[in-house]
Amino acid sequence: MQTFPLDDIKFNLDLTVSCGQAFRWRNWHGIWCAPSPYGDAEVWKVWQKGDVIFFDGMEEKDLIQYFSLDHDLDAILASIDCDPLIHDAIERCQGLRILRQDPWECLISYICSSCANIPGIQMRIENLAEKYGDEIFCDGKKYYSFPSPEKIAEADVCEIRSCKVGYRDAYICDAAAMAVTDSNWSEKIQSLPYRDAQKKLRELNGVGPKVADCVLLFAFEKFEAVPVDVWIERILRTKYVGGEKKLDYTKAGDYARDHFGPYAGYAQEYLFASREIISRKGE
DNA sequence: GAAGGACCTGA
DNA sequence: CAGGTCCTT
């Protein structure tokens, strides 16, 4: 077990892992545990007491990298803090950070996200991991690593469907085939500016604008990516833009980028994390 | 090029 | 009836 003193780094572990950006963290008696996204048969364990992070099964550089402890959160938040609503969300969600997830795991996770709430998405991912990942034992519990693209590419479509992923089975297959064929796909995406990267990801079947934006924001640090789900659409429409009819996806994102600036993706995350409170207020 | 339905599954 | 995408009018 190692410790990492936060000093003046703002970080809220609980909020960051449970706000719905990543799907494999579980809390056992105050300790957050997840199979390592690097497929190295480790289980990451992390917990926080005040200004100290305790961690095990991972290295300090992984901690900093994965939890984006190198983001200058104060500067980012100052840059998006431009209206009372976001100001309130920032106050409420102190220390919330956007993770730097593994691109492959993130891609498949968000392909699985259509028409489902968080538990539904988690279930699909757990089923895939149980079937195609490697077993890891830790503290008397079984975990499964996230399956590699190779492992999924070998499987056939109906076998994947048995993981209860429904019509997303073919999307998952296609994504695996892509990742196997083009093993540097993630470096390529990383090197592209936001819009080109989005376009590239959308070449995949089953990856529309929303899924692409999630992957770009949660795995590639493209902070201009603003995933507009039903909650964010509603918040933007009722609290910002005004009007009756549903906001067009691109227009909604453009509005957010124009209003919040280059870190609009961070603003999205804070609004999303405060969605219930925001929706309850007024209207 | 905008609007509407289908697609799996389970809550 | 859902944190979306695709295919069809």
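Just so it is clear, the model here is predicted, and its values are computed rather than measured. So you know, we letter chains A, B, ... as the sequences are listed, proteins then strands, and number each from 1.
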Row check, [Y] ring normal vs [X] NZ/CZ: under 6.0 Å, within 45°:
X: A:R275; Y: A:F272; value: yes
X: A:K141; Y: A:W28; value: yes
X: A:K142; Y: A:F137; value: no

TODO: Determine the interplanar angle of the A:F260 and A:Y240 rings, folded into 0 to 90°, and report it as parallel if under 30°, tilted if 30 to 60°, perpendicular if over 60°.
DONE: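 Plane angle over 60°, so perpendicular.
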Task: Nearest-nucleotide comparison on DNA chain C, the residue closer to the 5′ end among A:V230 and A:R202 - done: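 With A:V230 and A:R202 compared, the 5'-side residue is A:V230.
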Open item on the list: Closest-nucleotide mapping onto DNA chain C: is A:E269 or A:Y171 further toward the 5' terminus? I mean the 5' end.
Closed with: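 Its nucleotide being nearer the 5' end, the pick is A:E269.
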Task: B:dC8 phosphate, OP1 or OP2, under 4.0 Å from A:K164 side-chain N/O - done: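 No, no such contact exists.
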TODO: State plainly whether the residues A:E203 and A:K199 are in salt-bridge range, i.e. N to O under 4.0 Å.
DONE: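 A:K199 and A:E203: not salt-bridged.
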- [ ] Considering only NZ, NE, NH1 and NH2 on the basic side and carboxylate oxygens on the acidic side, decide whether A:K222 and A:D213 come within less than 4.0 Å.
- [x]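 No salt bridge links A:K222 with A:D213.
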Open item on the list: Partner lookup for B:dC8, please. Criteria are Watson-Crick or G-U wobble with both distances under 3.5 angstrom; report none if nothing qualifies.
Closed with: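 Per the H-bond distance test, none.
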Open item on the list: Strictly by Watson-Crick or wobble contacts shorter than 3.5 Å, is anything paired with C:dG3, and which nucleotide is it?
Closed with: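 Per the H-bond distance test, none.
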Task: Donor-acceptor pair (no angle test) under 3.5 Å: A:R161 side chain, B:dC8 base - done: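 Counting by modelled atom types and ignoring angles, no donor-acceptor contact under 3.5 Å is found here.
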- [ ] Indicate yes or no: at least one non-hydrogen side-chain atom of A:V46 is less than 4.5 angstrom from one of A:I31.
- [x]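 With C-beta onward as the side chain, the pair stays apart.
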Task: Between B:dC8 and C:dT8 - P atom distance, rounded Å - done: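 Pairwise P distance, C:dT8 against B:dC8, rounds to 15 Å.
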Task: Range on DNA chain C touched by chain A - first to last nucleotide, heavy-atom distance under 4.0 Å - done: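 For DNA chain C, the relevant span reads C:dA2 to C:dC6.
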TODO: Using a 4.0 Å heavy-atom cut-off across all strands, classify A:I111 as base, sugar-phosphate, or nothing.
DONE: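 Here A:I111 touches no strand at all.
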Open item on the list: Apply side chain to side chain contact (heavy atoms under 4.5 Å, CB included) to residues A:W185 and A:E187 and explain how you reach the verdict.
Closed with: CA-CA 6 Å; A:W185 71 277; A:E187 285 80 359; over 6 Å; no
Task: Of residues 206-217 of chain A, the positions that come close to DNA chain C - non-hydrogen atoms, cut-off under 4.0 Å - done: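 Within this stretch, A:G206, A:V207, A:G208, A:P209, A:K210, A:V211 sit under 4.0 Å of the strand.
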